[in-house]
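Treat the numbers as computed from the prediction; the structure is a model and nothing was measured. Every chain is numbered from 1, with letters handed out A, B, ... down the list of sequences. As a basis for the values below, the full set of heavy atoms in this structure was taken, side chains included, without hydrogen atoms, waters or symmetry mates.
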Protein chains: 2
Amino acid sequence: MTPDRPLRADAARNRALLLAAAADEFAEKGLEASVADIARRAGVGKGTVFRHFPTKDDLIAAIVLDRVEVLGALGTHLLDAPDPGTALLEFLTAAAQQRQQQDLSFLQEAGDSLPAIVESRTRMYQTIHNLVDRARDHGAIRDDITGTDVILLMCAPNYVTGYVPDAPPDLWRRYLALIFDGLRPEGAHPLPQPPPTL
Amino acid sequence: MTPDRPLRADAARNRALLLAAAADEFAEKGLEASVADIARRAGVGKGTVFRHFPTKDDLIAAIVLDRVEVLGALGTHLLDAPDPGTALLEFLTAAAQQRQQQDLSFLQEAGDSLPAIVESRTRMYQTIHNLVDRARDHGAIRDDITGTDVILLMCAPNYVTGYVPDAPPDLWRRYLALIFDGLRPEGAHPLPQPPPTL
DNA sequence: CCATAAGCGGACCGCCCGGTCAACTTGTTA
DNA sequence: TAACAAGTTGACCGGGCGGTCCGCTTATGG
């Protein structure tokens, strides 16, 4: 599989150009950004796009894979931080920051078929579970919260600020803090539903 | 404006059929549900759709208006409830329930041009502000939370459960409870950003 | 019950999209 | 530097979309 002879120099450059242009274009126009526009933005012909990525979905998958890997690496690194509570908060902060700079959340579901993505994402999810377990053991968050809970809530701060036109760029911090307060042991009320699994 | 001669009986029936079919179709397929499919589902010709709603956006606007009105009426009613804290929670529960039954959140931005919608929505937002003020005065939620905060957080429970495949239908209640715990006075930490305005 | 206008339907239009392809250009390697 | 494979390009294709239009049907009021 993937004999992977190295790309020609110009081809490699074009591929990188394309990935960046596509990310920008998707961030600006959403899922319906057209392949033609992406090609124009990257300064290449439309045919070149399809040479590198057989379908539009493949292009999306490549972008998603990049981002998941970055986040996963950060999470792994934070597993060694001294304070488990702040480590978790830092991870959530970084995730929100990544999304604030470029909101590509609507691309997530695209890569569910590509094994490389589900694998990388699974690894990242496992890391989050570890971060959460550490924080819980340390008493930084309440007992009835699971890693899955945190995975789900992770994206909420950016989501809610999306409804504010011309929101200050750091507004998501307000809602991350608010939600994180809900995760703390103090003042916790019993939850009406069991946690889900992914 | 709108001389509004009453609709012929069959036309009124078709209009209602169309609205229901469109809501179902959008809920199933998202924004890109086609007008042709909506017409088929309602059992009418495509031309009939455009007779009632000059553009697809007008159709969307009509749906959105309906839902906003329903929610606004409920909020107004809850202003008279005895306990302000549970009144607010009940409102949030109802909003989440509406969205759980049929997620049409992606249609929201469509009606921003239609004055009737922004007016109705503004009224509903004002009601939420009143509900929140009452709850805050009563000590049910922390001092640094505004009505706008609640408006933004309102949709988060459904949003986060959207990431769970085959989620139990009441899972949103878990996250509503969790977020609501973050709004409570107990264990509140200072928030890093001022509240936004809409 | 009939005349009439309100309502209906679906073929049709132009547009834009994702994807293909064959002619052309260019990096690579011996 | 020559020869070839790798890469590029944009015209082109089929299809689906929102929206139009006009001949037909039908509810309605006198």
Side-chain angles (χ1 to χ4, degrees), chain A residues 2-64 104 106-107 109-111 113-114, chain B residues 2-26 28-64 106-107 109-111 113-114:
Chain A
T2 61
D4 259 83
R5 176 142 38 80
L7 285 176
R8 232 167 67 174
D10 56 342
R13 200 197 57 227
N14 278 343
R15 188 177 196 279
L17 244 32
L18 233 19
L19 244 15
D24 289 347
E25 198 73 11
F26 280 127
E28 279 177 23
K29 307 196 191 166
L31 230 198
E32 43 293 318
S34 78
V35 174
D37 282 349
I38 291 169
R40 197 171 310 125
R41 184 164 193 146
V44 303
K46 194 170 118 177
T48 303
V49 181
F50 287 102
R51 155 161 283 261
H52 287 284
F53 309 98
T55 72
K56 189 183 183 181
D57 278 346
D58 289 320
L59 171 56
I60 292 172
I63 296 174
V64 171
L104 264 23
F106 47 87
L107 300 183
E109 42 209 89
S113 51
L114 195 65
Chain B
T2 61
D4 258 78
R5 177 140 38 82
L7 285 175
R8 229 166 71 172
D10 56 343
R13 200 196 58 227
N14 277 343
R15 187 176 197 280
L17 243 32
L18 233 17
L19 243 15
D24 288 347
E25 198 73 11
F26 280 127
E28 279 178 23
K29 307 196 191 167
L31 229 198
E32 43 293 319
S34 78
V35 174
D37 283 348
I38 291 169
R40 197 171 311 125
R41 185 166 193 144
V44 304
K46 196 170 119 176
T48 302
V49 181
F50 287 102
R51 155 160 285 262
H52 287 283
F53 310 98
T55 71
K56 190 183 182 180
D57 277 347
D58 290 319
L59 171 56
I60 292 172
I63 295 173
V64 170
F106 48 87
L107 301 182
E109 41 209 89
S113 52
L114 195 66

key: Value in whole Å for how far the P atom of D/dG19 lies from NZ of B/K56   = 8 Å
request  = Compare all side-chain heavy atoms of A/V35 with those of A/F50 and state whether any distance is below 4.5 angstrom.
outcome  = yes
query = Could you state the CZ-C1' distance from B/R8 to C/dA6, rounded to the nearest angstrom?
reply = 5 Å
inquiry  = Using salt bridge (charged side-chain N to carboxylate O under 4.0 Å, His left out), reason through B/R40 and B/D37 one step at a time and then give a plain yes or no.
reply    = CA-CA 5 Å; B/R40 197 171 311 125; B/D37 283 348; 2.9 Å; yes
remark   = CZ of A/R51 to CG of A/L18, rounded to nearest 0.5 Å, is 12.5 Å
ask   = By a strict heavy-atom criterion of less than 4.0 Å, which residues belonging to residues 25-43 of chain A are in contact with DNA chain C?
value = A/A33, A/S34, A/V35
key: Sidechain-backbone polar pair: A/D24 side chain, A/A21 backbone, donor-acceptor under 3.5 Å   = no
message = Tell me whether the side-chain N/O atoms of B/N14 come closer than 4.0 Å to OP1 or OP2 in C/dG7.
response = no
inquiry  = If I take atom CG in residue A/L18 and atom P in nucleotide C/dG18, what distance separates them, rounded to the nearest angstrom?
reply    = 13 Å
ask   = What is the distance, rounded to the nearest whole Å, between atom CG of A/L17 and atom C1' of D/dT8?
value = 14 Å
Of B/V44, B/L7, B/V49, the residue whose pairing with B/N14 passes side chain to side chain contact (heavy atoms under 4.5 Å, CB included) = B/V44
Heavy-atom closest pair, residues B/A110 and B/S113 = O-OG, 4.2 Å
message = If I take atom CZ in residue B/R15 and atom C1' in nucleotide C/dA6, what distance separates them, rounded to the nearest angstrom?
response = 16 Å
message = Within this structure, what is the CG-CZ distance for the pair B/L59 and B/R15, rounded to the nearest 0.5 Å?
response = 9.0 Å
ask   = What's the CG-C1' distance between B/L7 and C/dG7, to the nearest Å?
value = 10 Å
d(CZ, A/R13; C1', C/dT26) in whole Å = 11 Å
note = Residues in residues 45-52 of chain B with a heavy atom under 4.0 Å of DNA chain C, by number, are B/G45, B/K46, B/G47, B/T48, B/R51, B/H52
note = d(A/I60 CD1, A/L114 CG) to nearest 0.5 Å is 12.0 Å
request  = Answer yes or no: is there a side-chain heavy-atom contact under 4.5 Å between A/F53 and A/L19?
outcome  = yes
